[in-house]
Structure formats: structure tokens, C-alpha cells
Amino acid sequence: VDIVDKFLSICRYQGGSTYGDLEAFSTLKGAIEEREVALPGLKGYNRLFYFAIPSNVFAETGLAIRETCMQDESKGWTRLIIEKPFGRDLASFEELNNTLSQYFTEK
């Protein structure tokens, strides 16, 4: 199995009624935690969320993840990767940046 296939085997898509669907993200959290328990012997578990979604729903999706799926920092990190474009113009960029930066730090 090559490295890409190995990586893709641990990726998961979770659908929901909206991009900020808390119930769907709670379901995703359960699936993530099941996967973490199934990998004994690891000292930590990192969580990565890749946003290939419309920029107008970045904030609601990020906030849903913040409320439901954040990793306990003692167990690992949580990262959001946001695909560009980040907003439609300077004003929408600033609004989105201000919203997300209240809950997440940029690294």
C-alpha cells in the first residue's frame, strides 16, 4: 500500500444538513474517538480538518468544529486547513479572519 492510499484510508467525509450542523459534527466526533481508541499504543492523536467548502461557510463550520470536535490539547492538536480563496474581497476576508481568530490561532 502506498503512502497516499494509507492516508486516504484514515480520511472520513461527514455529511450534514448544513455546514455548521452540530449533530453531524457530534457524529463525526464519535467516529473520530472510535478510531482513536482502535489505535492503541499511540501517545497522542492529532485532528486535521480540510475545508474545501465555500468561503461564506468557513466561520459556521469552524465554530461547529470548535464546539464539538476539538482535540484535548493534552492528547494532541487540532488544525483547520482552509482552502483559498479566503473571502470574496477585503471586507469579507477581514470579517472571516476576525471571526475565526477569536476561536483559533494561526500557525
Side-chain angles (χ1 to χ4, degrees):
V1 177
D2 73 3
I3 196 161
V4 173
D5 289 334
K6 187 175 180 181
F7 174 73
L8 292 175
S9 75
I10 62 171
C11 291
R12 177 183 168 93
Y13 170 81
Q14 175 68 48
S17 61
T18 66
Y19 288 97
D21 183 344
L22 294 177
E23 185 175 325
F25 278 104
S26 292
T27 299
L28 178 61
K29 178 185 179 189
I32 291 169
E33 290 174 345
E34 284 179 23
R35 178 74 178 166
E36 290 169 348
V37 170
L39 298 170
L42 294 180
K43 294 181 181 179
Y45 306 97
N46 299 320
R47 298 179 181 176
L48 180 118
F49 298 89
Y50 184 85
F51 285 20
I53 56 178
S55 62
N56 64 317
V57 294
F58 286 165
E60 73 178 279
T61 306
L63 295 177
I65 288 170
R66 178 76 181 170
E67 289 182 33
T68 58
C69 294
M70 294 294 289
Q71 179 61 288
D72 179 336
E73 289 184 15
S74 68
K75 295 179 182 178
W77 48 253
T78 302
R79 299 284 187 273
L80 306 181
I81 296 178
I82 298 179
E83 191 173 282
K84 293 181 180 182
F86 193 79
R88 299 173 309 284
D89 52 25
L90 181 59
S92 63
F93 160 80
E94 288 174 340
E95 178 181 352
L96 186 54
N97 192 54
N98 289 337
T99 300
L100 290 176
S101 65
Q102 291 177 45
Y103 303 99
F104 300 98
T105 57
E106 189 171 346
K107 295 187 179 195

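Heads up: numbering here begins at 1 and tracks the sequence. Hydrogens, waters and symmetry mates play no part in the numbers below; they use all other heavy atoms, side chains included.
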Sidechain-backbone polar pair: [X] side chain, [Y] backbone, donor-acceptor under 3.5 Å:
X	Y	answer
Thr78	Gln71	yes
Arg12	Ala31	no
Thr61	Tyr19	yes

Measuring from [X]:[atom1] to [Y]:[atom2], what's the distance to the nearest 0.5 Å?
X	Y	atom1	atom2	value
Gln14	Ser26	CD	OG	10.0 Å
Arg88	Leu96	CZ	CG	9.5 Å
Asn56	Glu95	CG	CD	10.5 Å
Ile32	Phe25	CD1	CZ	9.0 Å

Ile82 and its side chain to side chain contact (heavy atoms under 4.5 Å, CB included) partner, picked from Tyr50, Phe104, Phe58: Phe58
Of all heavy-atom pairs between [X] and [Y], which one has the smallest distance, and what is that distance?
X	Y	value
Ala24	Gly15	CB-O, 3.4 Å
Glu83	Ala52	OE1-CB, 3.9 Å
Ile65	Leu80	CD1-CD2, 3.9 Å
Thr99	Ala59	CG2-CB, 3.8 Å

State plainly whether one hydrophobic cluster holds both [X] and [Y], where clusters connect Ile, Leu, Val, Met, Phe, Trp and Tyr through side-chain heavy atoms under 4.5 angstrom apart.
X	Y	answer
Ile81	Tyr45	no
Trp77	Leu28	no
Val57	Phe49	yes
Leu48	Leu63	no

Steps toward side chain to side chain contact (heavy atoms under 4.5 Å, CB included) verdict (Glu36, Arg47): CA-CA 10 Å; Glu36 290 169 348; Arg47 298 179 181 176; 3.0 Å; yes
All pairs passing salt bridge (charged side-chain N to carboxylate O under 4.0 Å, His left out) where residues 20-35 contributes a residue, at least two apart: Lys29-Glu33
